[in-house]
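Note that the structure is a prediction, hence the values are computed from the model and not measured. For reference, positions follow the sequence shown, starting with 1.
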Amino acid sequence: MTNLIPPGIRIAPAPDDPRLTRSVTGTDHTGAPVDLAVVEERPLTIYLNAREIVTAMTIGDHPEYLALGFLLNQGMLKRSDQVTRVDYDEEVETVVVRTAQQTNHEDKLARKTRTSGCAVGTVFGDMMEGLDGLTLPDTPVRTSHLYALSHQINRTPSLYLAAGAIHGTVLCRDAQPLIYMEDVGRHNAVDKIAGWMFSETETPGDKILYTTGRLTSEMVIKTALMGIPTLVSRSGFTAWGVEIARQVGLTLIGRMKGQRFVCLSGEHRLIRDADPAAQADEPRKSARKGSA
């Protein structure tokens with residue numbers, strides 16, 4: 001595979017990793033035999049101290065980041081909590097996150113509700129907690145950077161391009177992709193980003209979060225609580241996602257494909273320094289479906 005990984009990216013997809021896909025044989029629409037790469041799906045059980053929290057279906061990469069990010073984004077782990085150890089046991093497919101002090105995850109579990117997410121789409125009755133009084137930085141977003149990010153990300157070797165049936169989320173700064181995570185559930189991919197940022201004490205205020213998935217309420221809430229002021233997607237919006245983005249002042253950009261995008265919140269951050277007509281449309285071979 002040609003190396004098209006953008007320079008400067010710290011974590012990139014690994015489509016050639018044999019643990020992440022499996023070759024299966026079937027027949028096509030004409031009845032001819034066909035070999036196809038399909039994405040692996042395996043369980044990962046997450047513990048917080050001695051308490052089992054959830055079993056998530058995941059592709060299996062970066063389990064420590066996924067566990068940390070899930071607990072952070074569900075409000076079971078606070079960014080001020082002191083994490084003493086994160087232990088991953090590949091044989092039993094388990095991650096244990098240990099903290100110095102007792103957490104309040106029992107209360108969180110008592111208030112859980114089911115949402116529209118893929119694979120792990122569970123948030124809690126107090127999912128809006130933390131949004132009141134939240135102020136996101138007014139970091140400018142240049143449209144030239146958005147076009148550059150879209151161009152780079154859609155041409156980066158990925159599990160999606162190799163096998164499909166997967167979501168991608170990319171943490172970016174200006175026109176530079178930094179961390180590119182994929183998973184069978186879009187929320188898993190976001191949680192891996194959150195876990196990496198927590199582990200590396202990465203500042204969020206100058207970042208852009210790019211995703212291939214829908215801009216739902218939970219995606220907006222997670223991005224805002226992570227402190228990232230701009231969320232961009234190839235896909236569309238839900239009404240509640242737009243409402244919450246406007247409430248917290250998040251810049252929300254969707255349907256970003258080729259020359260086009262739509263901004264439904266946070267227009268004040270946009271610096272329109274690129275002529276859309278001068279941007280190349282996506283070649284069909286690198287185009288993704290944006291409805292997932």
Side-chain angles (χ1 to χ4, degrees), residues 6-12 62 65-66 68-75 77-83 127-150 152-153 168-181 186-187 189-213 215-233 237 241-254 256 261 263-274:
I9 194 166
R10 303 183 201 177
I11 299 178
H62 308 294
Y65 291 149
L66 175 56
L68 279 171
F70 175 83
L71 295 172
L72 285 164
N73 284 334
Q74 301 295 352
L77 189 66
K78 295 181 174 60
R79 283 162 177 80
S80 58
D81 286 336
Q82 180 184 353
V83 175
M127 63 183 293
M128 303 294 286
E129 182 182 324
L131 293 184
D132 288 341
L134 177 70
T135 301
L136 296 171
D138 282 332
T139 307
V141 181
R142 295 183 176 272
T143 58
S144 60
H145 292 168
L146 296 178
Y147 286 126
L149 287 171
S150 181
Q152 293 179 80
I153 292 167
T169 301
V170 190
L171 183 70
C172 313
R173 182 193 297 114
D174 296 329
Q176 174 64 59
L178 300 173
I179 306 295
Y180 188 160
M181 297 292 192
R186 65 185 182 279
H187 296 293
V190 176
D191 289 344
K192 290 176 187 177
I193 297 281
W196 179 88
M197 292 180 69
F198 179 83
S199 297
E200 300 298 319
T201 61
E202 187 76 20
T203 57
D206 60 345
K207 303 300 190 299
I208 296 168
L209 197 65
Y210 179 103
T211 179
T212 61
L215 296 173
T216 63
S217 57
E218 190 176 1
M219 290 291 288
V220 169
I221 291 169
K222 285 186 175 186
T223 303
L225 292 179
M226 288 163 65
I228 297 173
T230 300
L231 175 60
V232 182
S233 177
F237 313 83
V242 174
E243 181 180 334
I244 295 172
R246 290 176 173 176
Q247 173 187 327
V248 301
L250 179 80
T251 295
L252 192 66
I253 296 170
M256 178 127 200
F261 67 81
C263 180
L264 291 186
S265 175
E267 166 79 25
H268 66 281
R269 289 192 185 87
L270 285 186
I271 298 176
R272 297 180 181 273
D273 63 337

Legend entry - Beyond-backbone contact of S265 with V220, side-chain heavy atoms, under 4.5 angstrom: no
Inset, instruction - Answer whether the closest heavy-atom distance between the side chains of I228 and M197 falls below 4.5 Å. - result: yes
Inset, instruction - State, with a plain yes or no, whether a side-chain heavy atom of L178 is found less than 4.5 Å away from one of K207. - result: yes
Inset, instruction - Would you confirm whether T216, through its side chain, and G241, through its main-chain N or O, come within 3.5 Å as a donor-acceptor pair? - result: no
Legend entry - Counterpart residues, salt bridge (Lys or Arg N to Asp or Glu O under 4.0 Å), relative to R79 (two or more places apart): none
Inset, instruction - Measure from the side-chain N and O atoms of S150 to the backbone N and O of L146, and report whether any donor-acceptor pair falls under 3.5 Å. - result: no
Legend entry - Residues forming a side chain to side chain contact (heavy atoms under 4.5 Å, CB included) with S144, sequence neighbours excluded: R142, D273, A274
Inset, instruction - Report yes if some heavy atom in the side chain of L270 is under 4.5 Å from a heavy atom in the side chain of F261; otherwise report no. - result: yes
Inset, instruction - For the residue pair H145 and Q176, establish whether any side-chain heavy-atom pair is separated by less than 4.5 Å. - result: no
Inset, instruction - Find out whether L225 and N73 are in side-chain contact, i.e. whether some heavy atom of one side chain is under 4.5 Å from a heavy atom of the other. - result: no
Inset, instruction - Tell me, with the steps shown, if E200 and R10 meet salt bridge (Lys or Arg N to Asp or Glu O under 4.0 Å). - result: CA-CA 12 Å; E200 300 298 319; R10 303 183 201 177; over 6 Å; no
Inset, instruction - For R272, enumerate each residue passing the salt bridge (Lys or Arg N to Asp or Glu O under 4.0 Å) test, keeping only those at least two apart in sequence or located in another chain. - result: E267
Side-chain donor/acceptor pairs under 3.5 Å, residues 246-253, sequence neighbours excluded:
| residue | atom | partner | partner atom | Å |
| --- | --- | --- | --- | --- |
| R246 | NE | L264 | O | 2.8 |
| R246 | NH2 | L264 | O | 3.1 |
| T251 | OG1 | G266 | O | 2.8 |
| T251 | OG1 | R269 | NH1 | 2.7 |

Inset, instruction - Verify, without hydrogens or angle tests, whether T211 (side chain) and G213 (backbone) share a donor-acceptor contact under 3.5 angstrom. - result: yes
Inset, instruction - Could you tell me whether the side chain of I193 reaches within less than 4.5 Å of the side chain of M226, counting heavy atoms only? - result: yes
Inset, instruction - With sequence neighbours excluded, tell me which residues meet side chain to side chain donor-acceptor pair (under 3.5 Å) with Q152. - result: none
Legend entry - Test item: M181 and I11 side chains (from C-beta on) under 4.5 Å apart, heavy atoms: yes
Legend entry - Which residues share a side chain to side chain donor-acceptor pair (under 3.5 Å) with D174, sequence neighbours left out: none
Inset, instruction - Output all residues satisfying side chain to side chain contact (heavy atoms under 4.5 Å, CB included) with P137, sequence neighbours left out; order by chain, then residue number. - result: T139, P229
Legend entry - Qualifying residues under side chain to side chain contact (heavy atoms under 4.5 Å, CB included), relative to E243, sequence neighbours excluded: W240
